[in-house]
Amino acid sequence: MAQNHHDVIVLGGGTAGRLVSTELARAGCGVALVENVLVGGRPPNFASIPATSMLHSTRRDETWELAVARRDEVTGNLDDAPATARMADAGVTVLRGLGRISGPNALHVGGITHAFTDLVVCTGSEPALPPVDGLLDAPVWTSDEALLSPDLPRRLVVLGGDPAGCELAQVYASYGSQVTLIEAARRLLGTEAPFAGDLLAGALRRMGIDLRLGVTPSQVRRTDFGVRMALSDGGALDADRILVTAGRRPRISDLGLELLGVAVDPAHGLSVDATCRVLVTEPPARPPAGSHEHLVPRPRAGSMIDAGSTAADAGAVTGPARGGVWAAGDVTGTAPSTHLARYQARVVVSNMLGVHREADYRAIPRVVHTTPTVYAVGLSPASAGAQGVDLLAAGYDLASTARAAVEDDDGGRVEIYADRARGVLVGATAVGPYAEEWMSEIALAIRAETPLSVLTDVVHAFPTYGEAIEVPLRELAERLLGGDVA
Ligand SMILES: Cc1cc2nc3c(=O)[nH]c(=O)nc-3n(C[C@H](O)[C@H](O)[C@H](O)COP(=O)(O)OP(=O)(O)OC[C@H]3O[C@@H](n4cnc5c(N)ncnc54)[C@H](O)[C@@H]3O)c2cc1C
Ligand SMILES: NC(=O)c1ccc[n+]([C@@H]2O[C@H](COP(=O)([O-])OP(=O)(O)OC[C@H]3O[C@@H](n4cnc5c(N)ncnc54)[C@H](O)[C@@H]3O)[C@@H](O)[C@H]2O)c1
């Protein structure tokens with residue numbers, strides 16, 4: 001047995017990497033996890049958890065100091081010792097350092113070469129800074145710094161009006177920063193249904209955020225008092241700091257993936273098949289001689305590692321897939337989110353343990369945790385158009401629900417989309433309180449292709465926002481099924 005040989009090396013210890021390593025180690029595989037920053041990765045430290053903590057604090061009217069203290073408490077002050085200890089308890093060997101593939105079955109980390117039979121790439125994504133003259137020399141934050149800062153800038157320019165920009169603009173404006181948000185598209189959340197971006201824009205404007213839509217920065221210059229930004233519409237802005245939330249790209253450069261025959265295109269991420277196995281452009285070299293004694297163990301039939309998988313989405317036990325390259329999470333460039341990273345991680349684990357499972361991306365939620373919350377799932381009107389799907393849409397204003405009257409909240413709307421040709425739901429968008437909770441029913445309906453006749457027969461508790469979907473569902477059913485509606 002080669003020294004430092006592992007059945008599986010997982011490169012990147014964030015959301016996806018942690019789940020893959022733990023589950024495979026629990027199933028009896030020899031697993032090494034390579035992480036160069038913090039075990040746990042982005043969500044608990046620099047993304048969803050601190051962001052939603054700060055947003056939650058704004059809703060409770062907490063002071064900035066209390067919000068920062070609460071944020072730092074929920075992130076554990078960036079101490080990953082507890083997470084690392086849990087990995088060790090599960091039997092995972094944690095290797096600290098920047099990992100780089102050094103041969104067909106070899107990875108170099110911390111001055112030592114480790115051999116593997118399978119490699120799982122879970123390296124996440126990194127901020128993409130737009131090519132603006134002078135931006136790199138300016139006082140710039142990415143979302144990382146914005147979610148670590150103990151200080152409140154007086155004047156903040158947020159560059160990019162999608163989830164990260166909208167959430168962080170709301171956080172900083174709530175605590176008194178003078179925020180200007182610049183977005184190249186003519187709407188916020190430009191890939192979602194237009195009403196979502198419009199309702200959110202209204203809410204952000206009402207709290208004093210200066211929205212500049214359809215505008216890009218043309219030049220940035222440091223000044224004695226901070227930074228001056230020239231805009232494509234001829235205007236100019238002065239600020240203390242620029243927060244760049246203009247997109248992220250899969251982290252696949254400089255990993256040595258070419259040595260495995262894998263095409264590296266940072267704009268698109270790693271191409272994976274439905275089992276989350278990375279596609280290779282040329283046959284990868286064979287595993288080193290002798291490595292077959294380290295095969296990933298075959299699970300007992302029915303001993304599925306994923307409590308959430310079902311007979312419908314998990315196939316027969318086919319024997320372990322071995323000697324492969326796999327990927328999960330942002331690195332695949334598919335709908336980046338924590339829940340998608342976890343889902344792909346489970347798909348990888350199933351297939352590596354010999355239980356065939358294919359990922360289904362039809363009903364992956366997309367949420368912006370602002371007030372109001374924006375929830376979208378499945379196809380948006382724009383993505384349906386791009387795919388040539390003829391959508392039938394029906395909507396309802398939340399103001400017409402009894403719950404809105406009770407909560408004294410008159411904003412918000414839900415729209416539900418059916419595929420006219422197939423007569424099933426394929427997407428939905430909702431803006432309003434707790435939409436990320438009560439819209440899960442629609443995610444299930446899309447994923448399961450639940451017949452509209454069943455959906456219109458579901459009873460919702462009164463008074464809830466969830467009732468809002470009843471009218472549009474009935475409208476879609478009437479238009480698609482005629483009189484045959486519950
Ligand atoms: C501001 C912000 C807010 C967000 N909020 C939400 C939200 O509310 N809900 C949601 O679902 N998603 C949210 N996301 C997205 C979410 O954070 C990501 O989709 C998720 O973290 C992806 O998980 P991952 O495992 O692919 O990557 P990560 O969690 O980023 O983990 C990748 C890990 O790999 C490590 N790594 C990379 N290269 C190497 C290497 N060569 N060697 C060793 N280690 C390496 C990194 O250090 C990192 O720890 C947010 C993102 C941002 C930026
Ligand atoms: N709640 C969540 O789930 C959540 C929150 C934050 C981030 N994220 C994820 O993190 C990733 C990054 O989010 P993001 O919002 O930074 O990126 P994004 O790619 O979703 O959006 C970037 C935005 O910046 C704009 N932009 C780009 N260049 C510009 C320029 N030069 N001038 C003006 N506008 C410009 C784009 O038009 C776009 O609207 C995404 O995958 C997102 O889904 C998720």
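Counting starts at 1 for both ligands and their atoms, following the listed order. Please read these numbers as outputs of a predicted model, since none were measured by experiment. FYI, side chains are in, hydrogens and waters are out, and symmetry mates aren't considered; it's all heavy atoms of this structure.
For the pair G99 and ligand 1, the shortest N or O to N or O distance falls below 3.5 Å. Taking only nitrogen or oxygen atoms, main chain and side chain alike, A184 reaches within less than 3.5 Å of ligand 2. Residue R248 places no N or O, backbone or side chain, under 3.5 Å from any N or O of ligand 2. The distance criterion of under 3.5 Å between nitrogen or oxygen atoms is met by S337 with respect to ligand 1.
Heavy-atom proximity to P336, at under 4.0 Å, picks out these atoms of ligand 1: 19 (O). Of all atoms in ligand 1, listed by their number and element, those nearer than 4.0 Å to a heavy atom of L38 are 49 (O). Residue-ligand proximity, R248 to ligand 1, at heavy-atom distances under 4.0 Å covers atoms 53 (C). Within ligand 1, counting atoms from 1 as listed, the ones closer than 4.0 Å to a heavy atom of L11 are 40 (C), 42 (N). The G329 neighbourhood of ligand 1 comprises atoms 26 (O), with distances under 4.0 Å to a heavy atom of that residue. Shown in contact with H369 at under 4.0 Å from a heavy atom are these atoms of ligand 1, numbered in order with element: 8 (O). Residue contact check: E167 has heavy atoms under 4.0 Å from atoms 1 (N), 5 (C) of ligand 2. Ligand 2 places these atoms under 4.0 Å from at least one heavy atom of V367: 1 (N), 2 (C), 3 (O).
Ring pair Y465/W438 is parallel by interplanar angle, where below 30° counts as parallel and above 60° as perpendicular. Ring pair Y172/W141 is tilted by interplanar angle, where 30° to 60° counts as tilted.
When the heavy atoms of L55, T338, D330, I49 are ranked by distance to atom 26 (O) of ligand 1, first place goes to D330. If you check each of G333, A164, A128, P131 against atom 7 (C) of ligand 2, the one with the closest non-hydrogen atom is A164. Closest to atom 46 (C) of ligand 1 by heavy atom, among R96, R100, E35, is E35.
For S125, the heavy-atom gap to ligand 1 stays at 4.0 angstrom or more. Under the 4.0 angstrom criterion for non-hydrogen atoms, P217 is in contact with ligand 2. Residue contacts with ligand 2 do not include L188, since none of its heavy atoms lies under 4.0 Å from the ligand.
Contacts with ligand 1 closer than 4.0 Å are made by side-chain heavy atoms of A341 only, the backbone lying farther away. With a 4.0 Å cut-off on non-hydrogen atoms, A47 touches ligand 1 through its backbone as well as its side chain. For V132, no heavy-atom contact with ligand 2 is shorter than 4.0 Å. In V39, neither the side chain nor the backbone holds a heavy atom less than 4.0 Å from any atom of ligand 1. Contacts between L340 and ligand 1 below 4.0 angstrom, taking non-hydrogen atoms only, are absent altogether.
Checked by atom type, the side-chain pair T275/N351 shows no donor-acceptor distance below 3.5 Å.
Surrounding CZ of R221 are more than 12 heavy atoms belonging to other residues, nucleotides or ligands, all under 6.0 Å away.
Test V426, L391, I442, T429 against I416 for side chain to side chain contact (heavy atoms under 4.5 Å, CB included) and you get one pass: I442.
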